[in-house]
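So the structure is just underneath, and the comments pick up after that.
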2 protein chains.
Amino acid sequence: MKVNTPTTTALYSIEQAIKAYRRLCNKNISKIIEDITVDQALILIILNDNSSLTQMQIGDLVFKDYASITRILNLMEKKGYINKGINNKDKRRSLLEITTKGKETLTILSPTIQLNRNTALKNITEDELNQLYTILNKITNNCNQ
Amino acid sequence: MKVNTPTTTALYSIEQAIKAYRRLCNKNISKIIEDITVDQALILIILNDNSSLTQMQIGDLVFKDYASITRILNLMEKKGYINKGINNKDKRRSLLEITTKGKETLTILSPTIQLNRNTALKNITEDELNQLYTILNKITNNCNQ
DNA sequence: TACATTTATTTGATATATCAAATAAATGAA
DNA sequence: TTCATTTATTTGATATATCAAATAAATGTA
């Protein structure tokens, strides 16, 4: 395969890393809580830390299409992790809040989420993390021009 | 949002970068060829450069589940980009080959694929690419332990 | 050879990704 | 106020992701 130039391997390795990380997260999370996905857990964290976010804001935070957010939130409501009402100040918007079950789930998952991050970043220095962050941001900006 | 430690931002930025890159690729590719996706184009490149790969090998190369490979290849065959026969040496395996249409498509797409890579990596030095590659590989290995 | 095990691919079920179009509420301008 | 435009969310259609289970061919072993 002719994919061994720095250009191609770098982009290739991004895909590889994120998939390995997601697999790890999914595996460890589903060991603890059966019916929640990594994406749903992340949204739960966001809803727990921030009040009165719109679905669009959530989508922007997690880099997901608004259509995906609609569907993910519907599933999360069906499973009792969140409540979805209507914002009376602006009836186009929904009013999202985490339920008690959602908060409890976060408490239970919290060590696993931390473990996943630590596992992924084992033996990587803070310097390297900053480099990584800087370079990836350049790529993101380049792509979003 | 409390996601501003180096640990979290780094992992977060991987997701962000790969999504931005995929969006860019999809947008530019679909401008040229209507009915092909980035994933399909990548598999086409691989099939063009390598003969007699199994579906599992392709899956390993592009970090995809074998079930996904089955479905993607079926779509690609339906659209005439590849032929899928049976390997008579081992009848469990399929015999994959790129069609003339597939090769022509690659020729047409080749400049766009190169442009996408160059766009994404504009103003990033080879040193940085190597750093990126090294760090991401560490993450991948950490996750796959 | 006969049977258990392994390997390659497929299928089913469910979740997410993406684009386009639809819906409905809010806003701006005449 | 009225109508066009913008904004937030939803829906439809199709592609991909993921796990588990099914299928069928190949291989190993008694």
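FYI, side chains are in, hydrogens and waters are out, and symmetry mates aren't considered; it's all heavy atoms of this structure. The structure displayed is predicted, hence computed values, not measured ones.
- Partners of Asp90(B) by salt bridge (Lys or Arg N to Asp or Glu O under 4.0 Å), not counting sequence neighbours, listed by chain and number: Arg92(B), Arg93(B).
- For Lys91(B), the side-chain hydrogen bond (donor to acceptor under 3.5 Å, both in side chains) test picks out no residue, with sequence neighbours left out.
- Residues Gln145(A) and Lys122(B) bring no donor and acceptor atom of their side chains to less than 3.5 Å of each other.
- Think of the region where chain B sits on DNA chain C: with heavy atoms and a 4.0 Å cut, that region ends 5' and 3' at dT7(C) to dT18(C).
- In terms of the side-chain hydrogen bond (donor to acceptor under 3.5 Å, both in side chains) criterion, residue partners of Asp35(B) (sequence neighbours excluded) are, by chain and number, Tyr81(B).
- Checked against side-chain hydrogen bond (donor to acceptor under 3.5 Å, both in side chains), Asn137(A) has no partners two or more places apart in sequence or in another chain.
- With sequence neighbours excluded, no residue satisfies side-chain hydrogen bond (donor to acceptor under 3.5 Å, both in side chains) with Arg71(B).
- Pairing partner, dG28(D): dC3(C), with both Watson-Crick or wobble hydrogen-bond distances short of 3.5 Å.
- Listed by first and then second residue, the salt bridge (charged side-chain N to carboxylate O under 4.0 Å, His left out) pairs involving residues 131-145 of chain A are Lys138(A)-Glu128(B) (not counting sequence neighbours).
- When only modelled atom types and interatomic distance are considered, Tyr66(A) and Asp60(A) share a side-chain donor-acceptor pair under 3.5 Å.
- Listed in residue order, the members of residues 63-71 of chain A having a heavy atom less than 4.0 Å from DNA chain D are Tyr66(A), Ala67(A), Thr70(A), Arg71(A).
- Mapping Lys19(A) and Asp90(A) onto DNA chain D via the closest heavy atom, the residue that lands nearer the 5' end is Asp90(A).
- With a cut-off of 3.5 Å on both Watson-Crick or G-U wobble distances, the partner of dA22(C) is given as dT9(D).
- Among pairs with a residue in residues 82-103 of chain B, none fulfils ring pair (Phe, Tyr, Trp, His ring centres under 6.0 Å), at least two apart in sequence or across chains.
- For residues 94-104 of chain B, the pairs satisfying side chain to side chain donor-acceptor pair (under 3.5 Å) are Gln55(B)-Ser94(B), with sequence neighbours left out.
- At a non-hydrogen distance threshold of 4.0 Å, Arg93(B), Ser94(B) from residues 93-107 of chain B come into contact with DNA chain C.
- Counting only residues at least two apart or on different chains, the salt bridge (charged side-chain N to carboxylate O under 4.0 Å, His left out) pairs with a member in residues 9-32 of chain B are Glu15(A)-Arg22(B), Arg22(A)-Glu15(B), Glu15(B)-Lys19(B), Arg22(B)-Asp39(B).
- Two residues, Asp39(A) and Lys89(A), neighbour DNA chain C, and the one matched to the more 5' nucleotide by heavy-atom proximity is Asp39(A).
- Nucleic acid contact class of Lys27(B) (heavy atoms, under 4.0 Å, all strands): none.
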